[in-house]
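The structure appears below as structure tokens.
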2 protein chains.
Amino acid sequence: MAQQHLDPRNSTAVAADALAGYLRTQATEFLRALRTHRETGGGAASGAEESSDAALALRRSARRISGTLHTFRPLLDADWSESLRPELAWLSGTLGREHAYAARLDRLVAALNRLSGATAALPSQAGAPMAGRTAGAERAGPPGPGGTGTRAPATPDRGNLTIGAAKAGALLDRQLTLARTRAHSAALQALGSSRFHAVADSVAVLASEVPLTPTAPALDLRPLAAAAHDRLRDAVAGLPLLTAGHPYNAEALIHGLSPDTAPHPQDAPWHQVRLLLRLHRYALEVLHPQAVPVDVRLLAAGEALNRHRDASEAASAAAAAARTPRIAPATAYALGVLHADQRHEVEAARFAFQQSWQKEAVSTS
Amino acid sequence: MAQQHLDPRNSTAVAADALAGYLRTQATEFLRALRTHRETGGGAASGAEESSDAALALRRSARRISGTLHTFRPLLDADWSESLRPELAWLSGTLGREHAYAARLDRLVAALNRLSGATAALPSQAGAPMAGRTAGAERAGPPGPGGTGTRAPATPDRGNLTIGAAKAGALLDRQLTLARTRAHSAALQALGSSRFHAVADSVAVLASEVPLTPTAPALDLRPLAAAAHDRLRDAVAGLPLLTAGHPYNAEALIHGLSPDTAPHPQDAPWHQVRLLLRLHRYALEVLHPQAVPVDVRLLAAGEALNRHRDASEAASAAAAAARTPRIAPATAYALGVLHADQRHEVEAARFAFQQSWQKEAVSTS
């Protein structure tokens, strides 16, 4: 049922107008977010939250424009679209880093608390890292006394932690807060650069006039959207879903102590599917300008891949922190436990993806 | 189907003769194993393997006699049985320790190799810790060059390990080999003690004459065996099986960094079920002297609980090693990863138990 909406072949012909309309809408959103960001002072003063929301909105539109240029390339002026895409990717990457570091610290601090048996779920992390993990009623032991109080999101609650866990939390706090501050400065600098002004100018033009090719008005968008869907399906077919569907397969930690410090090569195909799923989603948005039919299973698959990415990067951050010179053995031990815990989150996310994807496959057959 | 054999209520009346016969058989096995152990010199010289097998056989019989005295208590002379049971438990515990330390080291070294991506499975560990974990065909990466060579079982293969993993392996090797050597000496000392000679004398009497109560010949064994089965079922009903059946529930590691160094309290009910499952099995052996009907699901449940116990103790050994003074941070980090890995093995074992137990429950309804 729901899956039928997902295959762009099943809708009626969609003209290039829809593409132009979608791009204009996203360009308008981009310009509005940019205005809000400037009005709130780039997060320097009291408007920090609004400014951060505006940065998210900027990225949201930039990703959609970039993805749409990619999927519907044959309908768009090639030179223009090929020059704009990398600039949008640069912008989106630069703007995303601050938020990513903050979320990573939150995730790791929540995990340290959980691993210390300190608290069931902290207010700021409720839902995110623990979601769907346990039947709450059966959870062993009451939440710790420090668990229900309010606290600054990035400050570890050390009341119930061992010295090692507390030191590991403090080390991660230092390292990721520094990275976050640098990312914030880099984003502000980027938004003031001439490179950014050129991107903003291109998007401003896009808001009024989309550079379609002369043949575009005669073309149907559906085959191109279907091709994006096929790329996603093919990439999923290349994933080790049989292993992923076998709980506790211990694959994600198989190189947990490998001398290689590079990101796990086994994660890359999953990250790739995450990007292709996003492109597929944007293509559906183009085809259904009013509202994309809701598919909870596609949402679940996307959430699982986000969790996969977040846990993978959090595990790397824990491993990187453990390579800090002159740390105490207890700190290193806690970081080792934390690393392994996040790699198991990676495995859990793959299992969740496999489960949701399997449901989709069954519903189409 | 198979479950019907498991419920002792479903067989025909079994007389006390069967109990006496079973105890005589086990006592004879005990004495034979003791003779073999003495002939092979207690593991001091070339007969180490035979001696170790004999020690296992001794324990095997001691456990069965002890369990049977417990389950069928009302049919046996109370004073005699109450005085013999703790002595058999002491003997079985003393004899088991050496083997347990050796198996623990094997398990931890295999895990360190797996976590280093060094090898798929070492010859000496093939099957045990990795069994049922992955579809081999999908396994990422080829086995490392050191994986297929022969090696002494307890010496880590350090070819592919990081310094931290290699040092962690060496530390565990030192600590567990020392513990094992001490356990070996303690076992030899126990077998030469007057306390042991008293046990052996009691078992020798048992081999010829089982001290039944005057009313025993008129009694049916089945209600007592059924009571053992009920105790097992009740204990299983108290386990958090709903959580355990939810893969990646992250329960087993919830106190992974807790300041409490005592064994995980959450493991205790599972260890208890493991003991009750064994008592149930021995009761079935009494009722079916020819051959207990094979039930693969009961076997699977028992194996899962053994794996649970082994992983739980291995995780504790890794945590204990991390508290060694003056270790390098890299060593502590590797031990942290190892600890978390074994706690996930604990969780995986609970999941496996839940799966096999659920099948049994379905088949009886």
Side-chain angles (χ1 to χ4, degrees), chain A residues 112 114-118 130 132-135 137-141 160-165 168 240 242-243 246-251 253-260 265-266 319 322-341 343-345 347-348 351-352, chain B residues 112 114-118 130 133-135 137-141 160-165 168 240 242-243 246-251 253-260 265-266 319 322-341 343-345 347-349 351-352:
Chain A
L112 276 175
R114 173 167 49 80
L115 294 170
S116 304
M130 304 289 294
R133 296 194 70 159
T134 345
E138 276 192 14
R139 205 161 250 294
N160 290 293
L161 303 190
T162 52
I163 292 183
L242 196 63
T243 295
H246 187 77
Y248 300 107
N249 55 68
E251 270 304 302
L253 199 56
I254 206 159
H255 292 279
L257 286 174
S258 158
D260 193 0
Q266 58 166 275
R323 287 191 288 272
T324 309
R326 286 181 299 280
I327 56 172
T331 312
Y333 177 77
L335 290 169
V337 172
L338 188 58
H339 172 77
D341 173 70
R343 290 305 302 170
H344 276 97
E345 272 281 299
E347 199 176 294
F351 175 73
Chain B
L112 277 175
R114 173 168 48 81
L115 292 170
S116 305
M130 305 287 296
R133 297 195 70 161
T134 345
E138 277 192 12
R139 206 161 250 293
N160 289 294
L161 303 191
T162 51
I163 292 182
L242 196 62
T243 294
H246 188 77
Y248 301 108
N249 55 68
E251 270 304 303
L253 199 56
I254 205 159
H255 292 279
L257 287 175
S258 158
D260 193 1
Q266 59 167 274
R323 287 192 287 272
T324 308
R326 287 181 299 280
I327 56 173
T331 312
Y333 177 78
L335 290 168
V337 172
L338 189 58
H339 172 77
D341 174 70
R343 290 305 303 171
H344 276 98
E345 273 280 300
E347 197 176 296
F351 176 74

Q: Count the heavy-atom pairs under 4.5 Å between each of B/Ala322, B/Pro329, B/Ala334 and chain A, then report the option with the highest count.
A: B/Pro329

Q: Check side-chain contact (heavy atoms from CB on, under 4.5 Å) between B/Ala340 and all other residues, then give those that pass, not counting sequence neighbours.
A: A/Val337, A/Ala340, B/Leu253

Q: Not counting sequence neighbours, which residues clear side-chain contact (heavy atoms from CB on, under 4.5 Å) with A/Ala319? List them please.
A: A/Arg323, A/His339, B/Tyr333

Q.
Tell me the closest heavy-atom pair linking A/Leu112 and B/Leu257, and the distance in Å.
A. CD2-CD1, 3.7 Å

(Q) Checking side chain to side chain donor-acceptor pair (under 3.5 Å) between A/His344 and each of B/Arg343, B/Glu347, B/His344, which is the one that passes? (A) B/His344

